[in-house]
Structures are given as C-alpha cells and as structure tokens.
Amino acid sequence: MKHKLEYLLQQAVAALKTQGVLDGELVAPINLERARDSQHGDFATNLAMLLAKPAKTNPRQLAEKIIAEIPADKLISKIEIAGPGFINFFINPDSQFQIVKQIHAAGPEFGLSTIGAGKKVQVEFVSANPTGPLHVGHGRGAAYGSAVADLLQAVGFEVEREYYVNDAGRQMDILATSVWLRYLEECGEVLPFPCNGYRGEYVREIAFNLHKKSGNEYRRPVELVLEDIPADEHQGGDKEKHIDALIERAKTLLGPAQYQDVFRAGLDDILADIKDDLQAFGVSYQHWFSERLLMDNGSIQQALQRLDAAGYLYKQDGATWFASSRLGDEKDRVVIRDNGQSTYFASDIAYHMNKLDRGFDQIVNIWGADHHGYIPRVKAAMQALGADESKLKVLLVQFAVLYRGTEKVQMSTRSGEFVTLRQLRSEVGRDACRFFYVMRKSEQHMDFDLKLATSRSNENPVYYVQYAHARVCSVLRQLDEKGRERNLHLGMEHLNLLTEDQETALLTTLSKYSEVLERAAVQYEPHQLIHYLRELANQFHSYYNAHQFLVDDDKLCNARLNLICAIKQVLANALNLLKIHTPESM
RNA sequence: GCGCUUGUAGCUCAGCUGGAUAGAGCAUCGGCCUUCUAAGCCGAGGGUCGCAGGUUCGAGUCCUGCCAAGCGUGCCA
C-alpha cells in the first residue's frame, strides 16, 4: 500500500517536471509516513515543503499542483493539504478491509518481502572464546544477532550465520593448562591453582571426564610440574609470568601429542556446550569458522603478503607493523610480534579477507561494545586489501550490566563468577529471555535485573503478547464448544461490518506489519518488531474488552472472527520469526 | 588527554533518520469479572527531551561547546 502511494507520488513529480514547474534535474525525495494522528489521514508526505524552495514557490501552492497530478486510484478516498504544506492521504475504507483477505491468503508467508532478493549477507555473532560456557552477556549478542539474521532472511536476503571460534592463542593455552592442573588434582595430586587460571567449576568437570576416560595417562609428578616456576601473584610474584611458565611446563612434560589431547578435551567439551546452549536458545549457524584453521592453512601469510604488496607493511623494533593510521586508524598496529608470532589482529585480517573472498554483498559483524575501538583498524585492513569497506557493517551490542535487586553482579569468565545463559534460560525461560534481550535497541546500555527477570511476574511483556495469541485461540475453542462453526466465506463477504474504532485501528496496524518488518530488517533493529507486537497486542486486548466476538449475527460474528484470526496470524508470524513460542492457552 | 556510545516521566525504555498536541510499560491513585481467559481493559496524575548556543517554515532528532555515565585507548584475545 505504501509502495503504491510512493509510486503515485513519483508519477506526479515526473508530470510536474515535464510541465516545467519543477526543475528536471531535481531529485525528489519521496518521504511518505504513516500519519500519527488519524485526523491527518492514513499517510502523509512533506514533499511539497521540501520542494517549495527549489521550485521558488510556497509549499501549499506546490502541494495543490502535486495533488492535481496524482493519478486517480481507487485506493485513495481523499487527499488533503494541511498545516504548512503536508499532503495527507486518506485510504479508501474498502481497501483497508483487503488486508484481512491478504493475511488469510498468505498465512505464514504474510509480511515476507523480496527487497533483499539476490543479495548475500553474512552475519557473524556471539563468537565468544571457547574458554567457558556462555554467560548472560553473550546471550544478548545471541538474541540480537539471530534476530537480525532472521529478519534479513524474512525480507529476502540470502543469509549465512557464522560463529568465529577463537580456538587459538594464549587464552586457549591457559584453558588447556587449567584443565591439566585440575586433572592432576583428580589423580590425587595436591597443588596450588594459579590465580590467572580458569577457576570455574566446569573446568573440574572436564578434568573429571578426562580422568575417567584416560586414567592416569597424563599424570606427572607435582615436583616436576612446579619446579622453578616463578611465584604466583598471591605469593608476591607476577601472575602472567607464573601462568606462562606453567603453560610451557605442560607442553614440555606432556609432549605435543598429549598436550593436544588435553587441549582438545577442553575445547571440544566447551564448544559442544556452547553449540547445545545456542541451539536450545533458538540460534543456529551455517558455519563454525575456526581460527586455528586460518593459521594452519597459511591464510594469515597470504593476507599479510597482500598488505605488503600494497605497501602497507613495515618493520620496526623487531616487529612487523600494518600502517593502518594511513587509512583512518589512530595508530599503526603490530601484526607479527618480535618473537615471530602473529597477533590476534593478523588473524582477523585474514578472517575478513576470507569473508570478502566468499563473495558476500554485505558483511555484518556483531560485536560487544568493548570492541568498538577495533572497528577503524579492521576497516583499514579491508581498504588496504583493496575492498570496499562499506561492505562491512559492525553492529555493537552493549553488555548488559547485571543486578540482583540493587546489587551489581560481578562477571568474569576467569574467576568463574558469572551467571550462565543456560541458568538464565532455565529460570526465566527461552521466550522471556529472547523477548527481554531484543526489546531494547542494541547500543542501549541495559540494566538486567536478575531478580526481576527470574521472577515469573507479568511485568515481563512477553506474556502480554503471547496472551493475545492465546486469547484468540480461546475464542475459537469457545465457538466450537457452543456448537457453532466458522464460516470463512461469509465473514470475508461482510468485512465492511467492521466499523468500530478498535476494528479500524486494528486494520491499520495489520497493514503496517510488512513495513515494520522491512524497516526493522534494513536498519538492523529487531526491537521495532517487538514494539509493533506490543501495539498490536494492546489493540487486540482493548478490542476484546470492548466488544463480543461470538455474537448472534452470523455475518458480524464471522467478520470479527476473520479479523481476530488475521491478528493471530500476524502475531504468530512475528513471534515465530523471533523464535518465541505461540501458546494456544495460558 | 584523545576516541566511541549513551543522557527523554519516580524507574526501565520507544520516538519511524527534520514534521503536526513528545509516547508506552512498571510504580502511584480511581474504576471494570452471573457474558469469548482479569497474565486483561478504562481513566487520572506525572516532562526545562543533560545544559547553553546555532542551522530553518519547523529540532527530542542536524552542527558547535560544555556537563555526566559506560567502554576503549596492549607486541592480550
């Protein structure tokens, strides 16, 4: 409907251009909005006000000329000029009723669009280090990322969801060493645990399973393990040196093959847990992309060679630097350390080169807001690789600050003090979790009060929306219990009986659905869909309280049933998109 | 210090990219169940849109400068 009106406006502008009223070169921004106030009709445009100045006339006069050139269409019942020069469109009530038929015809497909057809988009999200279970901070990225991906798919994009697995690097060595030390404890050894190790209970479980499976195969005498290891922090030493020495010791005492076994025990177990957790949260991926793979197959070397060939690499202080400051970054960055090892950033350059090579039209990265300083250097790398940096869109998700009542909850994977996503899900339920996370704009700081979220109270708006769906189902059950049958055709014949205020408002809201979906997708803002759902549910509940659906008049009754079934369909379509259940009763 | 993000009702947040009288939920107060589920509905109160300028027909939205909060500013990942 909106697209149709925009088209008609284009026609009018084109006509005025040929008449010479408007400059032929002028680009006319067609800006059509839903009117906020029903007195202003259904749609409004500020076109005349925008074009008045270049056309050297006043807005109201120009508006009259535009209206005169808008082709007649049965969609429109009236066009008015209002205020300083708004053009207001009043939609023919008969066309408003059509939405009920359209929804019925399209069913689960209703609202989908094709604006992204033929374009490939990759969405990378969560990508948490596999050093521990996902916590509630990751949950927000998971909910937001999957919602963005699902929305893009709904409007026609070919979407690939990817998780970048940071399975290389020092953090993983710390994890492997932590597992090994806990394993030695399982074997009956007594030894201090490094304060920089991963202290979470899950590490003990991994160690327990390893011991159960492999017995004492990886056991080494404690004296050898601790011999000449620098003091830990609480002993007055340096915790970094302490843990690094322990990693080296583990590698030497176990040898490459056995170290690899322990390493894999940790990685595989945690990754399996993360996959399972996300699956249960309604999040699926097409690819799990391994950083180790990138290192092993020479991609990093290739990427650096390309940067070098483009003249962006230089050596200084024994390290290799990428001159990112020439491309907008605030300073240059090391890609190969003086000890010969490549940095995390080098992996990331290779990773993004790989993404580019896979031919996506748009690459979307969803990062925690603490990584925002990273954006300029990655964009710089893309430019240096000769790519169009606007292909990359980085969306930041602010971390949720956790409270229990008024008390702030400290979170640290290292210390093992955190609330896992799994815990949150089991307490609050998946539906409330997802709804709650996606409700807010992603870059908005979020206070997540666990006490509130875990209390199964009706304060959580997900129930409000689900209740609307359940109520429609309940009405249909009542119909059946009263021994009546729904007559779809009769109802469609008499949609014009839907003239109550609530009915008119609902028809308008239903017709907005596909517009909302498109905007939410294109702007990467799933919260817009949530707000739409609340509005629709609100209008339905008002309607429910104001009018009886199962009235004696068969025509009116069936018209109303068709309307509420349309509401149910749209609620279900949106909720399914967000991977939230649609209960038939509550 | 510099950079990014945020600042809207007592609290948590929307505000459709510059439009018409700034909106919800929670909380507070007052009403509505012998009729399709009261996890609901109806109504009331509550605002210097952080502050000060600027841009224009028109600013919560854009530009500048302050103020405040969070994050970042590693040869960590």
Side-chain angles (χ1 to χ4, degrees), chain A residues 31 33-37 39-40 44-46 49-50 52-53 58-59 82-86 88 129 131 166 168-172 174 240 291 316-321 330-331 333-345 347-348 368-376 396 398-399 401 439-441 443-449 452 456-468 470-479 481-482 512 515-516 519-520 523 525 527-528 530-532 534-535 537-538 540-551 557 560-561 564 585-586:
Chain A
N31 194 348
E33 288 190 337
R34 286 275 176 181
R36 286 178 193 171
D37 188 334
Q39 286 189 347
H40 299 135
T45 180
N46 58 357
M49 290 184 285
L50 294 175
K53 192 167 268 184
N58 81 53
F86 289 105
N88 293 336
N129 286 352
T131 52
N166 295 126
R170 181 162 172 264
Q171 295 306 322
M172 290 308 297
I174 294 177
E240 305 291 347
E291 183 189 356
Q316 190 181 313
D317 303 331
T320 305
W321 297 70
E330 59 186 26
K331 57 185 257 193
R333 309 290 173 178
V334 171
V335 285
I336 297 178
R337 292 193 274 261
D338 56 8
N339 65 9
Q341 289 207 315
S342 60
T343 61
Y344 175 80
F345 180 45
S347 299
D348 237 11
D370 53 338
H371 285 67
H372 65 77
Y374 216 75
I375 298 172
L396 298 176
Q398 288 287 347
F399 260 45
V401 182
M439 219 164 65
R440 278 84 179 273
K441 242 176 17 192
E443 68 264 34
Q444 185 70 249
H445 294 99
M446 180 172 173
D447 290 342
F448 201 129
D449 186 343
L452 188 87
R456 271 195 110 88
S457 77
N458 57 359
E459 282 167 36
N460 204 319
V462 68
Y463 297 120
Y464 184 79
V465 176
Q466 288 180 320
Y467 187 42
R471 265 184 155 173
V472 177
C473 296
S474 171
V475 171
L476 295 175
R477 279 195 299 272
Q478 278 294 319
L479 180 77
E481 281 171 26
K482 289 185 177 177
K512 280 199 287 196
E515 295 161 30
V516 172
R519 205 169 58 229
Q523 298 179 354
E525 291 188 343
H527 77 274
Q528 293 190 23
I530 296 275
H531 282 276
Y532 174 82
R534 295 174 77 167
E535 188 189 353
N538 174 254
F540 170 75
H541 287 308
S542 295
Y543 183 33
Y544 182 95
N545 275 271
H547 300 286
Q548 192 80 11
F549 306 144
L550 301 178
V551 290
C557 175
R560 288 184 170 170
L561 287 174
I564 65 171
S585 67
M586 288 176 75

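By convention in this document, chain letters (A, B, ...) are assigned in the order of the sequence lines, proteins followed by strands, and residues within each chain are numbered from 1. Since the structure is predicted, the reported quantities are computational estimates derived from the model, not experimental observations. Computed over heavy atoms, backbone and side chain alike; hydrogens, waters and symmetry mates excluded.
For the pair A:Leu396 and A:His547, both in contact range of RNA chain B, the more 5′-proximal nearest nucleotide belongs to A:Leu396.
Under the stacking definition used here (centres under 5.5 Å, planes under 30°), the residue A:His40 qualifies as stacked on the base of B:A20. Here A:Phe86 does not lie in a stacked arrangement on the base of B:G19, lacking the combination of planes under 30° and ring centres under 5.5 Å apart.
Among the heavy atoms of the strands, none lies under 4.0 Å from A:Asn58. The residue A:Ala44 sits close to a base: some heavy atom pair falls under 4.0 Å. Note on A:Asp348: nothing from the nucleic acid sits closer than 4.0 angstrom, heavy atoms only. Using a 4.0 Å heavy-atom distance criterion, A:Arg534 is classed as a sugar-phosphate-only contact. Within the 4.0 angstrom heavy-atom criterion, no nucleotide atom of any strand lies near A:Phe345. If you check every strand for non-hydrogen atoms under 4.0 Å, A:Ala82 touches a base. Counting non-hydrogen atoms under 4.0 angstrom, A:Asn46 reaches a base of the nucleic acid. Note on A:Ala35: nothing from the nucleic acid sits closer than 4.0 angstrom, heavy atoms only.
Residue A:Asn545 has no polar side-chain atom (N or O) positioned under 4.0 Å from OP1 or OP2 of B:C36. Regarding contacts with the backbone of B:G25, every side-chain N or O of A:His531 stays at 4.0 angstrom or more from both OP1 and OP2. Listed pair A:Gln523 / B:U17 fails the phosphate criterion, with no side-chain N or O lying under 4.0 Å from OP1 or OP2. Remark: A:Lys331 is not in phosphate contact with B:G3, judged by side-chain N or O atoms under 4.0 Å from OP1 or OP2.
For B:C51, the base adopts the anti conformation, since its glycosidic angle falls more than 90 degrees from zero.
In this structure, the nucleotide among B:G3, B:C57, B:U37 sitting nearest to the side chain of A:Gln478 is B:U37. The side chain of A:Lys441 lies closest to B:G15 when the candidates are B:U37, B:G15, B:C42. Proximity note for A:Ser474 (side chain, C-beta onward) versus B:G19, B:G40, B:C36: the nearest is B:C36.
A cation-pi contact links A:Arg471 to A:Tyr544, judged by a cut-off of 6.0 Å to the six-membered ring centre and 45° from its axis.
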Audit row: A:Glu291, A:Ser347, side chain to side chain donor-acceptor pair (under 3.5 Å) steps and yes/no: CA-CA 7 Å; A:Glu291 183 189 356; A:Ser347 299; 3.0 Å; yes
